[in-house]
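In the text below, chain A, chain B and the rest are named by the order of the sequence lines, each starting its count at 1.
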Amino acid sequence: MNPVYDPQIVEKKAQEAWDHSACFVGDENRPGEKYYCLAMFPYPSGRLHMGHVRCYTLGDVIARYRRLKGYNVLHPMGWDAFGLPAENAAIKHNIPPAKWTRDNIDYMRSQMQRLGFGMDWSREFATCDSDYYHWEQWLFLRLYEKGMVYRKNAVVNWDPEDQTVLANEQVVDGRGWRSGAVVERREMAQWFLKITDYAKELLDELDDMPGWPESVKNMQRNWIGRSEGAEIDFVTEHDPAQTLTVFTTRPDTLLGATYVAVAAEHPLAKLAAETDAEIAAFIEQCKQNTTAEADMATMEKAGVATQLKVRHPLTGDLLPVWVANFVLMEYGSGAVMSVPGHDQRDWEFAQKYGIDIVQVIEPTGDEACDLAASAFTEKGRLVNSGEFDGKTFDDAFAAIVTALEGRGAGRSVTNYRLRDWGVSRQRYWGCPIPVIHCDACGVQPVPEADLPVELPTEVTFEGVSSPLHKMDEFLQVTCPTCSGPARRETDTFDTFMESSWYFARFASPDAKAMVDERAKFWAPVDHYVGGIEHAILHLLYARFYFKLMRDEGLVDADEPFKKLMMLGMVLQDGKKMSKSAGDAGDPQKLLDRYGADTVRTAMMFAAPPEQSFEWSEAGLDGAARFLKRLWNMVHEHAETGPVPVLDAAQLSPQGKALRRKTHETLQKADDDYGRRQQFNTVVSAVMELLNTVGKTQATNDADRAAVQEAWVSGVLIISPIAPHIAHELWTVLGMTEPLVGYPWPAVDDSALKQDSLTLVVQVNGKVRGQIDVAADLDETGVLASAKADANVQRHIEGKTIRKEIVVPNKLVNIVVG
RNA sequence: GCCCGGGUGGUGAAAUUGGUAGACACAAGGGACUUAAAAUCCCUCGGAGGCAACUCCGUGCCGGUUCGAGUCCGGCUCCGGGCACCA
């Protein structure tokens, strides 16, 4: 009798064997080319959901496959442990964020281990470990010295009732999610990293990253948003020493500018508000917009005229200054010139407020141009522009910029949509920003010897504000410059800071520096797996940070992630899974009922990696049935006793067909794992192989050897996906070397050879028959055979053959008329 | 609003470089085994006609290119992701 397949026993046994042999511990000295496989580390939200299961199974499948292909693999795991949910839990349940986080990590680690991921747990760390964030503070201070860091005002969402800053997701319909109070935009001094200094490199390098999906590269290109244009200075009427600078991509339309618009936070808006209650009221009203760009883009465009005027740099005409709610202070100089004739938004604004619309561009072709109906936004020929009339875009651009340069009133510039990275957060649960505020000396960096600035973890939350504000032992410090009393910064870093370099730390997790030489060995990550929701922010910040580290000499490469696999979302009720959506996605009960291999197989079988799909338990029974069949069939085969060495010459036709299927499956699986990165079809290929073995009657020793070969191959192929059952069956098949790292078998081309092929015959593109032909039959022979088919004859009879198309090994199309 | 994806049977999907649409599964229906059930095994399974051979229709919608389009092009529509403080 076969032993019954009991995943709980099989999986425990396999995991103990892996632990015992330490086969997943990364080691620079192992043979084989290094291969760093990494799945984006999780935020320890409490329990794994099916999105995690998918991501980490995919990472594990890739890592295990690479081991079979002879690579020296590093596959680590850790925790993105700082963040908002821990504070929310603290406020709600009065648990210190550190304890809540550590408990979650312990539970989620046990779930990952239960899933059998072949990860190197010896390198594990959490970003809330001071050993980790120490070096983030250290790098920040290095960047401070280099001038890569600066402080300026930026707007935040302010909850006036809770007296706290809210994240965008905490603002619901313009109100604080807890207090319900109307949220205000408020300016605060914040730290910024000069990512814009690297905009060009971040953009240009995308052209040389073949391992990234085009869609992600395009998203990043659009995000960085390089545009060629000009900066133009408008002298203010009230103070000729002051200028208002705008950026435009269309300096050719300068003569059509009929007003300028500034952001509500712009100094000119504030100046105008001093003497004008209507403007002050409008600015107040603008404060009720959130800081989210999506809200800005969809809201009703509105503005108010000021009494201020600026002088047109070429005509000297006075143009009115408007304050408009759609101008972003964060982008460019917080001011735009408005050309309603040739910009749709400006046109709508001018229509609404009765501002002049002047045509300065006319079509060169037959494009429609009716400024009474809409703006003409195409490039064309200049009119109503004095000396520039008749010029087309490129000439006009150059001539107008030259004219401006001559007056010192403009210059051509390359502008980026990308804004500098604001890294300050007015939150407790994050990495302390290592600066000190001294009344006498101003902002002072914490001396390197005093690092890390440790975040106190013994805290009690009273209300929603950061407990740091009330902790004198944290707050009160002496100024490193004058030794007088000073105050420690209470803001912490954006958590994207931690996730921007953790992959480098995994290479040398115990280094007494940010990283050591081992980072140069393992970096860059060869295969990075993660959700598509990280396509822009995380991946762009990490690329930037890696360049900062490179420029410090810490790493060698220019880019951190060679190959990027972007996963579609595992949806729940049509939306991405989140902490707030409950634990419907918790895999725990599935692991208890079916075991890890079934959960992993079902997840891999459900869809290809990049596709989003709604999670459903429907596939689990099928996956469980498949593994059980595999278990039973391999045991039945093993019970027939020892198998002789395969003698291909002695195979029966069935044995030969099975052997071909085995090698086709090896070839397909290798291609799917390695090149196509589509794993659902690996599972189906093994299912097909299993079905083929099931139909094979092994009548002689050679056939039994072919069956053995089929099972050894099938078990090996499925092992990255269902590693525990594979571990057990490997031994059942009499294999003595460990399966982890066993060399992937070479495909035997002679086994793939076919004597005859089935071709499809079409008449006028419709399938009319199938023919079996010798594999080496030439085109004339194939055509003759096709025309001999009875059904094909019926369709070509009495008609003229106009064209004959033969696609080798596939089909024949006969075109008749 | 802007940027990036996606839409194929009752369901998850496959079709890799423009070449047989629906592989492999799930669910369902029928049958075998069983006192019965579970498990297992076998058969059917896009729609319509024929009830066989075969024919017509069919990959979100409309149009185009091609001997041939799920695949390429143009226009739409619905769904998802991102939009700088969720991670």
Side-chain angles (χ1 to χ4, degrees), chain A residues 40 42-43 45 80 82-85 88 154 156-157 165-171 213-223 225 291-299 330 345 418-422 424-427 494-496 499 531-538 540-541 566 568-569 571 574-576 578-580 602 605-608 610-614 616 618-623 625-626 628-629 632 668 671-672 675-676 678 680-681 683-688 691 758-768 770 790-791 794 802-805 807 810-816:
Chain A
M40 292 178 185
Y43 178 79
S45 52
D80 190 14
F82 279 135
L84 209 46
N88 293 334
V156 294
N157 299 310
V165 176
L166 298 180
N168 283 335
E169 77 154 11
Q170 295 175 308
V171 181
E214 267 326 301
S215 58
V216 174
K217 287 190 280 189
N218 268 333
M219 280 192 251
Q220 294 213 347
R221 281 187 190 109
N222 294 333
W223 185 264
T291 59
E293 199 208 291
D295 293 340
M296 299 286 278
T298 48
M299 75 190 171
E330 286 79 22
R345 189 180 58 189
L418 180 70
R419 308 199 290 254
D420 276 337
W421 179 10
S424 299
R425 295 293 179 271
Q426 295 71 44
R427 308 208 193 292
D494 178 7
T495 57
F496 276 126
S499 54
I532 184 68
E533 71 272 24
H534 296 294
I536 296 175
L537 290 180
H538 161 61
L540 193 65
Y541 290 142
M566 289 272 88
M569 315 289 308
L571 304 173
K575 294 263 174 282
K576 87 171 182 180
S578 65
K579 289 113 247 168
S580 52
F605 190 53
E610 66 282 1
Q611 189 167 314
S612 295
F613 68 97
E614 178 79 20
S616 148
L620 283 159
D621 286 327
R625 199 173 301 157
F626 161 62
K628 196 169 156 189
R629 281 183 75 201
N632 289 334
K668 179 179 174 51
D671 192 42
D672 281 355
R675 180 182 63 88
R676 293 217 302 156
Q678 181 173 285
N680 52 335
T681 45
V683 180
S684 10
V686 176
M687 285 173 170
E688 283 185 38
N691 290 341
T758 303
L759 303 185
V760 160
V761 185
Q762 298 182 334
V763 178
N764 287 349
K766 292 188 186 241
V767 179
R768 296 305 181 188
Q770 291 195 353
N791 199 45
R794 237 164 37 85
R802 307 219 179 270
K803 205 168 182 181
E804 292 168 332
I805 294 143
V807 181
K810 285 245 165 86
L811 65 64
V812 176
N813 189 13
I814 300 168
V815 184
V816 296

Within the distance-only criterion (no hydrogens, no angle test), does the side chain of A:Ser612 pair as donor or acceptor with the backbone N or O of A:Met569 below 3.5 angstrom?
yes
Just to be sure I understand the rule, does A:Gly622 reach a base, reach only the sugar-phosphate, or reach nothing, if contact means heavy atoms closer than 4.0 Å?
sugar-phosphate
When you check the phosphate oxygens OP1 and OP2 of B:A15, does a side-chain N or O of A:Gln678 lie under 4.0 Å from one of them?
yes
Quote, to the nearest angstrom, the P distance that separates B:U71 from B:C61.
11 Å
Side chain of A:Val767 only, heavy atoms from C-beta on: which candidate in B:C83, B:A21, B:C86 is closest?
B:A21
Got a donor-acceptor contact below 3.5 angstrom from the A:Gln611 side chain to the A:Pro608 backbone?
no
Expected output: side-chain A:Asn157 to main-chain A:Thr291 donor-acceptor under 3.5 Å:
yes
What about A:Asn813: does its side chain form a donor-acceptor pair under 3.5 Å with the base of B:C67?
yes
Can you tell me if the side-chain N/O atoms of A:Arg768 get under 4.0 Å from OP1 or OP2 in B:C56?
yes
So A:Arg675, base contact, sugar-phosphate only, or nothing? Heavy-atom distance under 4.0 Å.
base
Distance below 4.0 Å between A:Thr495 side-chain N/O and B:A87 OP1 or OP2:
yes
C1'-based separation of B:U55 from B:U8 [nearest Å]:
23 Å
Between B:G82 and A:Asn222, is there an OP1 or OP2 to side-chain N/O distance shorter than 4.0 Å?
no
Any side-chain N or O of A:Gln762 less than 4.0 Å from the OP1 or OP2 oxygen of B:U20?
no
Per A:Ser215 side chain, nearest of listed nucleotides B:G1, B:G5, B:A14
B:G5
Residue whose closest nucleotide on RNA chain B lies nearer the 5' end, A:Ala623 versus A:Thr681
A:Thr681
Looking at B:C41, I'd like to know if its phosphate oxygens (OP1 or OP2) sit under 4.0 Å from a side-chain N or O belonging to A:Arg625.
no
Please work out if A:Leu418 contacts a base, only the sugar-phosphate, or nothing of the nucleic acid, heavy-atom cut-off 4.0 Å.
base
Under the 3.5 Å rule, do the base of B:U20 and the side chain of A:Gln770 count as making a donor-acceptor pair?
yes
Could you check whether A:Glu610 gets within reach of a base, just the sugar-phosphate, or nothing at all, counting any heavy atom under 4.0 Å?
nothing
Residue A:Val760, side-chain atoms from C-beta onward, closest of B:A27, B:U20, B:C83
B:U20
Which nucleotide, B:A25, B:C67, B:C83, lies nearest any side-chain atom of A:Asn691?
B:A25
Rounded distance in Å between the C1' positions of B:G47 and B:G58
7 Å
In whole angstrom, give me the gap between the P atoms of B:G18 and B:G12.
26 Å
Taking the C1' atom of each, how far is B:U77 from B:G19, in whole Å?
30 Å
With a non-hydrogen cut-off below 4.0 angstrom, is A:Asn791 in contact with a base, only sugar-phosphate, or nothing?
sugar-phosphate
Between B:C83, B:G19, B:A13, which nucleotide has the shortest distance from any of its atoms to the side chain of A:Phe613?
B:A13
Looking across every strand, which nucleic acid part, if any, lies under 4.0 Å from A:Lys628 by heavy atom: base, sugar-phosphate, or nothing?
sugar-phosphate
Would you say A:Arg802 and A:Asn764 are linked by a side-chain donor-acceptor pair, where the criterion is simply a distance under 3.5 Å?
no
Can you check whether A:Asn680 has a side-chain N or O nearer than 4.0 Å to OP1 or OP2 of B:G12?
no
Just wondering, do A:Gln762 and A:Leu811 contact through their side chains at under 4.5 Å, heavy atoms?
yes
A:Ile536, nearest nucleotide to its side chain (from B:C3, B:G82, B:G19)
B:G82
Specify the glycosidic conformation (syn or anti) of B:G5, with syn defined as within 90° of 0.
anti
For nucleotides B:U16 and B:A48, find the distance between their C1' atoms and express it as a whole number of Å.
33 Å
Just so I know, are the side chains of A:Val156 and A:Gln426 near enough to count as touching, which here means a heavy-atom distance under 4.5 Å?
yes
Looking at A:Arg629, I'd like to know whether one of its side-chain N or O atoms comes within less than 4.0 Å of OP1 or OP2 on B:C24.
no
Say you pick atom C1' in B:U20 and the same atom in B:A69; how far apart are they, in whole Å?
14 Å
Between B:A15, B:A14, B:C86, which nucleotide has the shortest distance from any of its atoms to the side chain of A:Pro608?
B:A14
Consecutive Watson-Crick or G-U pairs in runs of at least 3, all under 3.5 Å, in which RNA chain B is involved
B:1-7 with B:77-83, B:10-12 with B:24-26, B:28-32 with B:40-44, B:46-49 with B:54-57, B:60-64 with B:72-76
So, OP1 or OP2 of B:C67: does either fall under 4.0 Å of a side-chain N or O from A:Lys803?
yes
Mind checking if A:Val156 touches a base, just sugar-phosphate, or nothing, with heavy atoms under 4.0 Å?
base
Measure from the side-chain N and O atoms of A:Gln220 to the backbone N and O of A:Ala535, and report whether any donor-acceptor pair falls under 3.5 Å.
yes
Quick one: the side chain of A:Lys766 and the base of B:U55, do they pair up donor-acceptor inside 3.5 Å?
no
Ignoring hydrogens and geometry beyond distance, is a side-chain donor-acceptor pair present between A:Ser499 and A:Asp80 at under 3.5 Å?
no
Shortest side-chain distance from A:Glu533, nucleotide among B:A15, B:A23, B:A87
B:A87
Does any donor atom in the side chain of A:Asn791 or A:Arg794 lie under 3.5 Å from an acceptor atom in the other side chain?
yes
Of the listed nucleotides B:C24, B:U16, B:G12, the one nearest the side chain of A:Asp671
B:U16
When the P atoms of B:A13 and B:C26 are considered, how many whole Å apart are they?
16 Å
